Amino acid sequence: MRAFFLPYIEAALQKAGIETDKEIQIEKPTDKKFGDFSTNIAFLLAKEAKRNPRELASQLIGLLSFPEGTVTKTEVAGPGFINFHLDQVFVMRSASAVLRQGEAFGCTESGKGQKAIVEYVSANPTGPLTIGRGRGGVLGDCIANLLETQGYEVTREYYFNDAGRQMQILAESVRFRYLEKCGREIEFPTTHYQGDYISDIAETLFIEHGDELAATDELTLFKETAEGIIFSSIRKTLERLSITHDKFFNEHTLYQSREGEPSRNQQVIDALEAKGFIGRYDGATWFMTTKLGQEKDKVLIKSSGDPSYRLPDIAYHVTKFERGFDLMVNVFGADHIDEYPDVLEALKILGYDASKVKIAINQFVTTTVGGQTVKMSTRKGNADLLDDLIDDVGADATRLFFIMRGKDSHLNFDVELAKKQSKDNPVFYLQYAHARICSLVRMAEKEVGFDETAATGEGLPLLSSEPEIDLASALLDFPDLIQASLRLLEPQKMVEYLHTVAERYHKFYQECPILKADESIRAARMELSLAVRQVLRNGFRILGISAPESM
RNA sequence: ACCCUUGUAGCUCAGUGGAUAGAGCACCAGUUUCCUAAACUGUUGGUCGGCAGUUCGAGUCUGCCCAAGGGUACCA
């Protein structure tokens, strides 16, 4: 709907001879008496032109003209707002677009022909997924869904490392537990993975091999068995939440030379060196960020000869550019926040357009038990597991639990409270509206021979009561909300919006009889209901929650 | 010590420099001979962490202070 106003406002500005680079903001006023939409453009221009905002607004209104039957009233209000009142018939007529476009309502082709990659979850296979990881996983999945509505060809990627020190410790942990199974007295180190799943993996090995592995120090089998079992558990958990990935990218491939060519890590070093940003001292290789005004250089290759995490991170991003992605979204927890400036700087030096990389940081999930905050750690084995949460509240409520809050909120999680409140999860409020409509449609088919396929939306302009207009007007906001969610990488906006739609539907349902109304009104209200169902479905698909036919 | 994020109702959280700061939960009082009561209606509840500043206008921007979480490694 915002898109509807822009050309007319621009035309009015042109007539007034005003040129500006200010963005024309179209807002929904807080109070309906201020109209359906408003703009504060007069304030912005008044500041530039040193004119009175109210007077400038009046001038613009004189120059504004909309097509017949769209905007009924345009007025100056307060210190200089321009408020627009929409024609009710226009609103209802516009709402028929929902039925015409169906699943495509809200979609655009602005990303058509462009490739996007969204990287999320990216947990190393050292243990089952924690609740904290779930947050990033759901966030990333929703962002990928949003991009798909805009026509992007989206790749969902999981980046992991199965060769680092963490994996070494994991393998050792399994081996210690295995030796215990073999009857050895072992003092299990506190530095190693404490979780019960380690014993389970050791048990698997013991059943398969007996104690024949006890004699060797060779860790490969321990590592590979652990990795296999853990990865399959991770995938299973993600699957339960409908989180999928197209590609699992192994960090280790960046270390390997390919067909006579140097490794990707080495290529990054060479390229940075050619630009004069490589220094070698103290036995290590450094990214000379001091040349960029930073206090210290950053290590790329440690004096041990192993790359630090920064080098493969840069090399990994280079592969994204080489793979031809036009938009790259990385979803990370807050612990990675300071790492990205360096990667972006390196990419810029190497000649890549770093503005194509977008970062979505989600704040941590902290856990409260009995009012006390507990630090969660996979290593300590005291983390709340994502699987347990799904067991307790279900997949839909779990997904919504994460995205009903902004990604910047420091989510404080109380398992007991979450279980107790699962019935109050807003997901059911949204789904109930959908189920109610489905039930209504079933009833209408049975009682009055309603034919869904014949509903075109032509009858909608017959409707004129306040709940009906409010509802239709909310439906028209859906495309704007997709844009806003995507721009901010914040699916929470969509949740809030769908809540408004559901709320207005419930209100409409309460106040407007449908099946009992006269035939033409009944048909129109059925059409409005179908349009709501469509918007809810389209929204649910973005959020990755199911649309139940009955509850 | 420095950097990032956050601080809004009893609780969990929305709030794009705009108009009288909102929602859900909880609490209290109502609504069904009638399409799903997982709903709807109403009431209660606020020094927007604190102080100063910027301007027509600040919960929103700036500075300082306080508090919480995270980060400042040749860990990832």
Side-chain angles (χ1 to χ4, degrees), chain A residues 23 25-27 29-31 33-34 38 40 43-44 46-47 52-54 77-81 83 122 124 126 160-161 164-167 251 282-286 295-296 298-310 312-313 333-339 341 361-366 373 375 401 404-414 417-418 420-421 423-433 435-444 447-448 484 487-488 492-493 495-496 499-500 502-503 505-507 509-517 522 525-526 529 550-551:
Chain A
E23 189 193 350
Q25 293 175 20
I26 312 285
E27 301 176 326
T30 48
D31 192 317
K33 74 181 178 212
F34 299 124
S38 78
N40 63 351
F43 291 105
L44 303 178
K47 195 166 274 180
N52 179 313
R54 216 186 139 86
F81 294 101
N83 295 341
S122 296
N124 288 337
T126 57
F160 71 100
N161 178 11
R165 228 184 81 229
Q166 287 178 33
M167 293 304 288
E251 178 184 325
D282 294 346
T285 305
W286 302 77
E295 276 181 34
K296 282 175 18 183
K298 303 288 168 62
V299 173
L300 292 178
I301 299 180
K302 298 182 267 187
S303 53
S304 66
D306 297 321
S308 76
Y309 64 90
R310 242 175 239 104
D313 270 355
D335 51 342
H336 287 261
I337 196 158
D338 283 336
E339 162 187 344
I361 299 288
N362 63 274
Q363 285 300 325
F364 274 169
V365 178
T366 50
T373 302
K375 288 206 174 188
F401 180 82
M404 61 193 268
R405 297 156 172 96
K407 61 181 185 290
D408 283 333
S409 80
H410 294 232
L411 203 158
N412 195 316
F413 189 79
D414 187 321
L417 206 61
K420 217 173 76 194
Q421 292 181 344
K423 284 198 299 295
D424 302 324
N425 190 301
V427 76
F428 300 117
Y429 187 82
L430 307 182
Q431 290 180 326
Y432 182 62
R436 222 176 192 186
I437 296 170
C438 291
S439 164
L440 181 70
V441 171
R442 284 193 297 270
M443 188 76 71
E447 306 266 322
V448 299
R487 189 178 65 247
L488 303 167
Q492 186 266 334
K493 304 281 169 217
V495 177
E496 201 185 341
H499 189 273
T500 305
E503 184 176 40
Y505 186 75
H506 288 312
K507 173 114 179 163
Y509 187 93
Q510 195 82 11
E511 298 194 10
C512 305
I514 300 167
L515 297 182
K516 290 178 179 53
R522 180 178 68 215
R525 287 183 177 159
M526 284 304 298
S529 298
S550 63
M551 285 173 73

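Only this structure's heavy atoms are used, side chains among them; waters, hydrogens and symmetry mates stay out. All values derive from a computational prediction rather than experimental measurement.
Between A:Leu515 and A:Leu440 there is a side-chain heavy-atom pair separated by less than 4.5 Å. Two residues are said to be in side-chain contact when any heavy atoms from C-beta on lie closer than 4.5 Å; A:Ser529 and A:Tyr505 meet this criterion.
Distances were taken from every side-chain heavy atom of A:Lys33 (C-beta onward) to each of B:G15, B:U6, B:U20; the shortest belongs to B:U20. Checking B:G24, B:A76, B:G70 against the side-chain heavy atoms of A:His499 singles out B:G24 as nearest. Residue A:Arg405 places its side chain closer to B:C13 than to any other of B:C13, B:C74, B:A19. Listed nucleotides B:A73, B:A76, B:C56 differ in distance to A:His336; the shortest reach to its side chain belongs to B:A76. Checked against B:A14, B:C74, B:G18, the side chain of A:Asp282 finds its nearest nucleotide in B:C74. Here the side chain of A:Ala284 is nearest to one of B:C74, B:G70, B:C13, namely B:C74.
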Going 5' to 3' through nucleotides 33-43 of chain B, assign each nucleotide B (protein heavy atom under 4.0 Å from a base atom), S (under 4.0 Å only from sugar-phosphate atoms) or - (no protein heavy atom that close).
-SBBSBSSS--
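The neighbour count for A:Arg165 CZ, taken as heavy atoms of other residues, nucleotides or ligands under 6.0 Å away, does not exceed 12.
Classification of the A:His499-A:Tyr429 ring pair by plane angle, with boundaries at 30° and 60°, yields parallel.
Here the side chain of A:Asn124 pairs no donor or acceptor atom with the backbone of A:Thr126 at under 3.5 angstrom.
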